[in-house]
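Lettering of chains follows the sequences in order, A, B, ..., and the numbering in each one begins at 1.
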Protein chains: 2
Amino acid sequence: MAGKRNTSTNRKQQIIDAATDLFANNSYERVTMSMVAKACNVTEPALYRYFSSKEKIYEAVLLSLSLKVDLEELAAWIKASRDIEEILQEIAGHILNNNLKHTELSRLLLLSSLEHRTLARQVFTAVRLPYIDLLIDELKRLREMKLIRDVNPVITARCFIGMIMDCAVSKNLWGKMQGERFQIEEVIENNVPIFARGLKE
Amino acid sequence: MAGKRNTSTNRKQQIIDAATDLFANNSYERVTMSMVAKACNVTEPALYRYFSSKEKIYEAVLLSLSLKVDLEELAAWIKASRDIEEILQEIAGHILNNNLKHTELSRLLLLSSLEHRTLARQVFTAVRLPYIDLLIDELKRLREMKLIRDVNPVITARCFIGMIMDCAVSKNLWGKMQGERFQIEEVIENNVPIFARGLKE
DNA sequence: CACAAGTTAGTTAATAATCATTAACTATTT
DNA sequence: AAATAGTTAATGATTATTAACTAACTTGTG
């Protein structure tokens, strides 16, 4: 009945992918090994060949997510700019389109940070903090050049990133509300300029 | 051994209170009937006299929360104002201090909307939507008076409320980050003016 | 006022389902 | 033949829920 076999690395990645999908839509405890196994077309004990526990699978999922956050390119691009609106635009676009284009990710991260207290910090650090730190630097830089007002860079950065992440989550979660459904582009186009204008001197 | 007995209404409220606390700090599946029972100093089957299932307890918790959102007073206050900054300030303050002063609540609501798909809409409607609708009206009003720019009121309102709710959640969740811990007042004082300035003509 | 009869609030003990994990074994690949 | 990828079947823990019973209140009637 069994037939073909998969290679170890393939299978491992398949498990992570399937688990990512599941954890993004259900809480940690609601995802069962049976669900993961079924999604991979194997039996539950097969999973234990690759991960010693459910917790380890979860950790692998988080790790694979944080690896995807690479801000090198974005940072380089941004540091050449002197316009806060352009900078915010780029950051928002990067969050919404590049890294969190699978919007499951933003859900997963929020969800995990809400329920797994110990992992929350690590998740936050891996995904949210890099953006915040980048923006803090930019705010300081522009402030020194007197291009923006004297705001608290830490609070402001946290707030802006939070706003964008909330958009990412809300969009798919609450979808059509008040009779209207919006595209990410519309949301950025409307909100980023508001924030940018408020920062300008 | 048994001794005193509690009245039905007292006990029911006690169960809801205890469950609110538990659901706010653990996900739905992580909260067990045993935990709820212990918190109420009764045995598990006793809970079934008041609620026919765990799900029903959860629903009762959500219901009791949504009942607490009363915007009458806030709405009256706000409609007298012609200053967008003042309006945003009041709304933010109301969210952060009045309704979500037990920050567990905001966690619980976010968490539940993230994992219980069916209840998500109902939770959203109960807690988030009233604020959004109120702000939409105000934005339209001020726009007609040419006091703010021509922005999409729905997107803008959603975004602002999302930003504030994210602050409420983030504050307690991630607490001290980047070496600094902020008070809600500081956060409002920094962010609301940015948003308000960006909206002004 | 008394007090039996019924109702309500609670208990202990059992049930059935689900879940993560392990043991022991088999088939496939190298 | 050695190593790897997978299986079936069992285990033990936890869980929500129910059954069967008991103690404490309430009420209607003499």
Side-chain angles (χ1 to χ4, degrees), chain A residues 1-62 108 111-112 115-119, chain B residues 1-62 108 111-112 115-119:
Chain A
M1 179 149 286
K4 309 282 170 56
R5 268 172 38 169
N6 212 322
T7 65
S8 178
T9 46
N10 276 356
R11 185 67 80 194
K12 192 160 190 173
Q13 191 55 50
Q14 184 193 20
I15 294 172
I16 291 175
D17 290 345
T20 300
D21 203 63
L22 288 165
F23 282 126
N25 294 301
N26 309 277
S27 72
Y28 177 81
E29 12 274 319
R30 188 174 282 211
V31 174
T32 67
M33 295 301 270
S34 152
M35 287 162 77
V36 179
K38 195 160 289 175
C40 296
N41 270 316
V42 289
T43 54
E44 293 160 73
L47 302 175
Y48 288 85
R49 181 167 299 280
Y50 303 94
F51 299 96
S52 62
S53 69
K54 180 181 171 185
E55 192 71 33
K56 291 286 180 194
I57 295 182
Y58 187 72
E59 280 170 23
V61 167
L62 289 181
L108 170 55
L111 197 52
S112 70
E115 59 166 5
H116 261 194
R117 305 305 247 310
T118 43
L119 281 167
Chain B
M1 179 148 288
K4 308 282 171 57
R5 268 173 38 173
N6 212 322
T7 65
S8 177
T9 46
N10 276 354
R11 184 67 79 196
K12 193 160 189 173
Q13 192 55 50
Q14 185 193 20
I15 293 171
I16 291 175
D17 290 345
T20 301
D21 202 62
L22 288 165
F23 283 127
N25 294 299
N26 309 277
S27 73
Y28 177 80
E29 11 275 319
R30 190 175 281 208
V31 173
T32 67
M33 295 300 269
S34 152
M35 287 161 76
V36 179
K38 195 160 288 176
C40 297
N41 270 317
V42 289
T43 54
E44 292 159 73
L47 301 175
Y48 287 86
R49 181 168 300 277
Y50 303 95
F51 299 97
S52 62
S53 70
K54 180 181 170 184
E55 191 72 33
K56 291 285 179 194
I57 295 182
Y58 187 72
E59 280 171 21
V61 167
L62 289 181
L108 172 54
L111 194 52
S112 70
E115 57 169 6
H116 264 193
R117 303 306 246 311
T118 42
L119 280 167

Is B/R11 near enough to C/dG10 that one of its side-chain N or O atoms lies under 4.0 angstrom from OP1 or OP2? yes

Starting from P on D/dA3, measure out to CG on A/N6 and report it in whole angstrom. 22 Å

A/T7: partners by side chain to side chain donor-acceptor pair (under 3.5 Å), with sequence neighbours left out: A/N10

A/I15 CD1 to D/dA5 P: how many Å, rounded? 11 Å

Identify each donor-acceptor pair in which a side-chain atom of residues 41-53 of chain B lies under 3.5 Å from a protein atom, sequence neighbours left out, and give them as a table.
from: B/S53; atom 1: OG; to: B/E55; atom 2: N; distance (Å): 3.4
from: B/S53; atom 1: OG; to: B/K56; atom 2: N; distance (Å): 3.2

Got a second to check how far B/N25's CG is from B/M35's CE, nearest 0.5 Å? 9.0 Å

Taking five pairs at each end of the helix from C/dC1-D/dG30 to C/dT30-D/dA1, what angle separates the two helix axes (nearest 10°)? 10°

Is the ring pair A/Y28/A/F23 parallel, tilted or perpendicular, if the boundaries are 30 and 60 degrees? parallel

Passing option when A/I15 is tested against A/T20, A/V36, A/V61 for side chain to side chain contact (heavy atoms under 4.5 Å, CB included): A/V36

Those residues of residues 42-51 of chain B lying under 4.0 Å from DNA chain C by at least one heavy atom: B/V42, B/T43, B/P45, B/A46, B/R49, B/Y50

Does any part of the side chain of A/I16, heavy atoms only, come nearer than 4.5 Å to the side chain of A/I57, both counted from C-beta? no

At 4.0 Å (heavy atoms only), tell me whether A/V36 reaches a base, stays on the sugar-phosphate, or touches nothing. nothing

Figure out the NZ/P separation between B/K12 and C/dT8, and round it to whole Å. 14 Å

Side chain of A/R11, backbone of A/C40: donor and acceptor closer than 3.5 Å? yes

Using atom CE of A/M33 as one end and atom P of D/dT8 as the other, report the distance to the nearest whole Å. 17 Å

How long is the straight-line distance from CG of B/D17 back to CG of B/L22, given to the nearest 0.5 Å? 11.0 Å

Rounded to whole angstrom units, what separation is found between the CG atom of A/N10 and the C1' atom of C/dT29? 15 Å

How close or far is atom P of C/dT18 from atom NZ of A/K54, stated in whole angstroms? 15 Å

Hey, what do you get for OG1 (A/T32) to NZ (A/K38), rounding to the nearest 0.5 Å? 8.0 Å

What is the distance from NZ of B/K38 to C1' of C/dG10, rounded to the nearest Å? 17 Å

When the distance from CD of A/E29 to P of C/dA17 is rounded to whole Å, what number comes out? 23 Å

With 3.5 Å as the limit, what N/O pairs link the protein to nucleotides 11-14 of chain D?
none

